[in-house]
There are 2 protein chains.
Amino acid sequence: MVDAKPSRGVQRREALLQAATDVFLEQGYAATSIDAIIERAGGSKRNIYSEFGNKENLFTAIVAANAAKAVAALAIEEIDARDLRSTLTVFGHRLMDIYMSPSLLGVYRVIISESQRFPALVKKFYNQGPGRASARLAEVLEQARARGDIETADCVKAADHFVSMIRGNLHLQVLVGLRSPPRAKEVAEMVESVVELFLRGVTAR
Amino acid sequence: MVDAKPSRGVQRREALLQAATDVFLEQGYAATSIDAIIERAGGSKRNIYSEFGNKENLFTAIVAANAAKAVAALAIEEIDARDLRSTLTVFGHRLMDIYMSPSLLGVYRVIISESQRFPALVKKFYNQGPGRASARLAEVLEQARARGDIETADCVKAADHFVSMIRGNLHLQVLVGLRSPPRAKEVAEMVESVVELFLRGVTAR
DNA sequence: CAGATATGGTAATAGGCGTTACCAGTCAAG
DNA sequence: CTTGACTGGTAACGCCTATTACCATATCTG
């Protein structure tokens, strides 16, 4: 909108980021060579080094970009908080969709693999990703408790439990390639199962 | 060819496995050099290659050994299934202890990192680890349902939920080095919170 | 149109690593 | 004590890869 004409440099930068994303998130940091990125992006190594300086910078750039992209979908400001069940269901679906997206699966693999090499990246990722999701959900739960809809000792812990159930064994299996991502029907069943158990677990009786 | 000296060979093999475990599980597969293992184990590279053949074989050997060691602690045959709350509490504590042990944290990191390079290893790991834990718990839940203690649509899903809550955001944070493993008090609080939510979630009212 | 400058591609550099060849020291047997 | 097989350590090989130097090409200005 604002940038009516994407300059040559920006275009090239985008192409490099896209190619680097594909290769890094699929192969991992160590197994990815600069040559492999260039082969996919076209151009020459020179472009990478004049644009990003070195391999680490390129890596952190693509991880941060993809993590941020995923986080953008996590806002639940507009969700109608008065109906907790539908709120949780919608939120659960969004979480599941994001967790099962190829890009975020790649980010998870790579973050876990290279966590000791890039601690700052890890911190940013967690705080904007799982941490933020859990924190926002905790606020929603606090409101529900204030209304008397639920009765639970610790809303922060409860939010953690919900997020953890959504990103459960299914996520782990997909993450390590033991199975393919679930189709819509299976996602719906899983979310519903989680919401059901969670609601019964936190609802006053 | 018959091995005429078992004790010496076995000792050397153990030392190599121990050193390789330390380095592989801390640094990851790609970042670990044969030299680094030798530096820690003593001796020379020649030992590794005459004992294991190559780097991949050594790696699979140490991962399988550590995964099996962790799995051994997961048996819940002897748990008194008549008191579901204490069963879940004991089981939760065991799971948490194992998940938070340095060796299994390392196995997780390395399994996730190298999953596409060693798919057979991944399969074995999952089936003997999280898969088995969840399956065994599902059996316990089935019994509880048969007695009418709980009322839940799908005991397999419920077991997955329990295991996933135990290995939740806390595990992820420790896995990526964002925080140190929890102390006994925090573990107990977390397990209790999970058991409470889970029991209320599956209990008939 | 012509020269100056920025940009992209090729190839060289330098270092690391898995793997193996070769040599030295060790232990057993005669 | 001597000899011979064997085990363990050093150093070399070959390959790969991040990074950079240098040259060709394209883009822009007067």
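Protein chains get the first letters and strands the later ones, always in sequence-line order, with residue 1 at the start of each.
- Of the listed nucleotides (C/dT19, C/dG8, D/dG9), D/dG9 has the atom at the smallest distance from the side chain of B/Asn47.
- Note: OH (A/Tyr49) to C1' (C/dT10) measures 15 Å, nearest angstrom.
- B/Phe24 places its CZ atom 11 Å from the C1' atom of C/dG18, with the value rounded to the nearest Å.
- The side chain of A/Ser44 contributes no N or O atom lying less than 4.0 Å from OP1 or OP2 of C/dG8.
- Between A/Arg136 and A/Glu139, at least one side-chain N (NZ, or NE/NH1/NH2) sits under 4.0 Å from a carboxylate O, which counts as a salt bridge.
- Whole-Å rounding puts the B/Ile48 CD1 to C/dC17 P distance at 14 Å.
- Taking side-chain N and O atoms only, A/Arg12 has a distance below 4.0 Å to OP1 or OP2 of C/dG8.
- Residue A/Arg46 places its side chain closer to C/dG8 than to any other of C/dG8, D/dG8, C/dT19.
- With respect to the salt-bridge test (charged N to carboxylate O, under 4.0 angstrom), the residues B/Glu114 and A/Arg109 do not qualify.
- Side-chain N/O atoms of B/Asn169 and B/Gln173 include no donor and acceptor closer than 3.5 Å.
- As a whole-Å value, the separation of B/Lys45 NZ from D/dG9 P is 13 Å.
- The side chain of B/Ser33 lies closest to C/dC17, out of C/dG9, D/dG8, C/dC17.
- Rounded to a whole Å, the CD1 atom of A/Ile38 is 11 Å from the P atom of C/dT10.
- Taking atom CG on A/Asn54 and atom P on D/dT17, their separation rounds to 18 Å, with Å as the unit.
- Nearest nucleotide to the B/Ile34 side chain, out of D/dT20, D/dG8, C/dT19: C/dT19.
- Both the sub-6.0 Å distance and the 45° axial angle are satisfied by B/Lys55 relative to the ring of B/Tyr29.
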Which is it for B/Glu142 and B/Arg145 under the salt bridge (Lys or Arg N to Asp or Glu O under 4.0 Å) test, yes or no, and what are the steps along the way? CA-CA 5 Å; B/Glu142 289 284 0; B/Arg145 178 164 68 175; 3.1 Å; yes

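- Remark: P of D/dA18 and CD1 of A/Ile37 are 8 Å apart, rounded to the nearest angstrom.
- One atom, CG of A/Asp35, and another, P of D/dC15, lie 17 Å apart when rounded to the nearest Å.
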